[in-house]
**Student:** 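The structure that follows is given in the form of structure tokens.
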Amino acid sequence: TAKKNDIPIIFINLSAYIRDDLWTSYIVNNWQKEGEMTGEWLIDYLEKKSKLDEEINIVELIGIKGQYSAQDWSKGFKETIEENEKIKIVESVEGDYTQHKGYEEMANILSETTDIDVLFCHNDDMALGAIQAIEEAGLVPGEDIIIVSIMGTDAALEAIVEGKIACSVECNPLMGDLFMEACVRIANGEEIEREIHPVDRVFDITNAQAELDARKENGYGY
């Protein structure tokens with residue numbers, strides 16, 4: 001019906017399994033790029049700490065295996081770190097994107113080994129759960145295990161300020177402005193991109209508090 005009446009369809013965040021000629025654009029995060037940004041931050045951090053010549057064991061807490069976003073986050077991260085043979089992912093487990101499952105899986109892993117240098121989480125909730133498990137194992141998050149995650153939530157920024165999470169790459173959920181801009185451009189007769197990506201930022205100790213302050217001042221957060 002939309003096609004017959006020349007009504008453009010724009011997907012936001014989630015798409016549908018329909019023919020390519022039936023939709024106009026897709027506003028979505030660039031998940032692979034977010035994985036790359038996380039890996040790039042980690043490589044830079046390890047270089048500054050003079051650790052690139054050491055064996056670095058990474059545990060990956062995946063959201064849901066097979067999900068497009070999870071596949072892209074993993075791909076981007078792995079392609080960024082794989083040039084250094086000393087940096088390797090020793091275990092990848094599903095954490096279901098929940099704090100409880102993140103805690104549970106990290107506790108299971110730590111019951112078998114504490115030879116873990118880095119934890120890469122597909123979202124902040126799993127990272128927060130893992131922090132509890134790390135502390136219960138007598139380790140110090142941010143020191144014994146470096147934690148990097150994706151989402152950039154308020155809770156993660158607070159954990160960064162506390163020194164428990166080292167980095168959280170934003171998965172920007174604020175897409176309303178991009179949608180309205182796309183609608184205006186279409187109304188003006190312009191062709192718009194098939195995929196439109198919001199800008200994602202990297203949060204660490206250098207900017208986490210400033211971002212928290214900005215969110216409080218401007219009345220938003222996630």
**Student:** Linking I/L/V/M/F/W/Y whenever their side-chain heavy atoms sit closer than 4.5 Å, directly or via other members, would Tyr103 and Ile109 fall into one cluster?
**Tutor:**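 No; Ile109 is not reachable from Tyr103 via cluster members.
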**Student:** Decide whether Phe120 and Val140 are clustered together by the hydrophobic rule: side chain heavy atoms of Ile, Leu, Val, Met, Phe, Trp, Tyr closer than 4.5 Å, transitively.
**Tutor:**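 No: no chain of side-chain contacts under 4.5 Å links Phe120 to Val140.
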**Student:** Going by distance alone, is a donor N or O of one side chain under 3.5 Å from an acceptor N or O of the other, for Thr98 and Asp125?
**Tutor:**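 Looking only at side-chain atoms, Asp125 and Thr98 do not form any donor-acceptor pair under 3.5 Å.
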**Student:** Establish, from distance only, whether the side-chain atoms of Tyr97 and Gln67 form a donor-acceptor pair under 3.5 Å.
**Tutor:**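 Indeed, the side chains of Tyr97 and Gln67 share at least one donor-acceptor pair under 3.5 Å.
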**Student:** May I ask you to check if Arg215 and Phe203 form a cation-pi contact, with NZ or CZ under 6.0 angstrom from the six-membered ring centre and within 45° of the axis?
**Tutor:**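 Yes; both conditions hold, so Arg215 lies above the ring face of Phe203.
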**Student:** Donor-acceptor check, side chain of Asp204 to backbone of Cys167, threshold 3.5 angstrom: yes or no?
**Tutor:**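 No, Asp204 side chain to Cys167 backbone: no donor-acceptor pair under 3.5 Å.
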**Student:** May I ask you to check whether Trp73 and Phe77 place their ring centres under 6.0 Å from each other?
**Tutor:**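 No, the ring centres sit 6.0 Å or more apart.
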**Student:** With hydrophobic residues grouped by side-chain heavy-atom distances under 4.5 Å, do Phe179 and Tyr222 end up in a single group?
**Tutor:**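 No; tracing contacts between hydrophobic side chains, which count when under 4.5 Å, never links both residues.
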**Student:** Let's go through Asp200 and Lys33 carefully: what are the C-alpha distance in whole Å and the side-chain angles of both, what is the deciding distance for salt bridge (Lys or Arg N to Asp or Glu O under 4.0 Å) to 0.1 Å, and is it a yes or a no?
**Tutor:** CA-CA 9 Å; Asp200 293 313; Lys33 179 62 177 175; over 6 Å; no
**Student:** Pairing donors with acceptors under 3.5 angstrom, does anything connect the side chains of Gln132 and Glu136?
**Tutor:**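 Glu136 and Gln132 do have a side-chain donor-acceptor pair below 3.5 Å.
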**Student:** Only one of Asn172, Val169, Asp72 forms a side chain to side chain contact (heavy atoms under 4.5 Å, CB included) with Glu34, so which one is it?
**Tutor:**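 It is Val169; the other options fail the test.
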**Student:** Let me see the working for Val118 and Ile56 under side-chain contact (heavy atoms from CB on, under 4.5 Å), right down to the final yes or no.
**Tutor:** CA-CA 7 Å; Val118 175; Ile56 302 295; 3.8 Å; yes
**Student:** Taking Ala210's backbone N and O only, do any of them form a donor-acceptor pair with Asn207's side chain (distance below 3.5 Å, no angle check)?
**Tutor:**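 Looks like no, no N/O pair under 3.5 Å.
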**Student:** Side-chain donor-acceptor pair under 3.5 Å between Glu193 and Tyr26, yes or no?
**Tutor:**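 No.
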**Student:** What I want to check is whether the side chains of Asp115 and Thr113 have a donor and an acceptor closer together than 3.5 Å.
**Tutor:**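 No, no side-chain donor-acceptor contact under 3.5 Å.
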**Student:** May I ask you to decide whether Glu55 forms a salt bridge with Lys88, counting only side-chain N to carboxylate O separations under 4.0 Å?
**Tutor:**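 Yes.
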**Student:** Between Asn218 (side chain) and Ala214 (backbone), is there a donor-acceptor pair under 3.5 Å?
**Tutor:**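 A pair under 3.5 Å: yes.
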**Student:** Check whether Asn57 reaches the backbone of Asp117 with its side chain - one donor and one acceptor, N or O, closer than 3.5 Å.
**Tutor:**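 Looks like no, no N/O pair under 3.5 Å.
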**Student:** State plainly whether the residues Glu135 and Lys164 are in salt-bridge range, i.e. N to O under 4.0 Å.
**Tutor:**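 Yes, charged N to carboxylate O under 4.0 Å.
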**Student:** In terms of side-chain geometry, is the basic nitrogen of Arg201 or Glu170 positioned less than 4.0 Å from the acidic oxygen of its partner?
**Tutor:**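 Judged by the 4.0 Å cut-off on N to carboxylate O distance, Arg201 and Glu170 do form a salt bridge.
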**Student:** To the nearest 0.5 angstrom, please state how far the NZ atom of Lys78 sits from the CD1 atom of Ile87.
**Tutor:**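 Interatomic distance, Lys78 NZ to Ile87 CD1, rounded to 0.5 Å: 14.5 Å.
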**Student:** Would you call the rings of Tyr45 and Trp41 parallel, tilted or perpendicular if under 30° counts as parallel and over 60° as perpendicular?
**Tutor:**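 Tyr45 and Trp41: parallel rings.
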**Student:** Is the closest side-chain heavy-atom distance between Ile150 and Cys121 below 4.5 Å?
**Tutor:**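 Ile150 does not reach Cys121 side chain to side chain.
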**Student:** Should Glu105 and Lys101 count as an ion pair when the cut-off is N to O under 4.0 Å?
**Tutor:**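 The answer is yes: the pair qualifies as a salt bridge.
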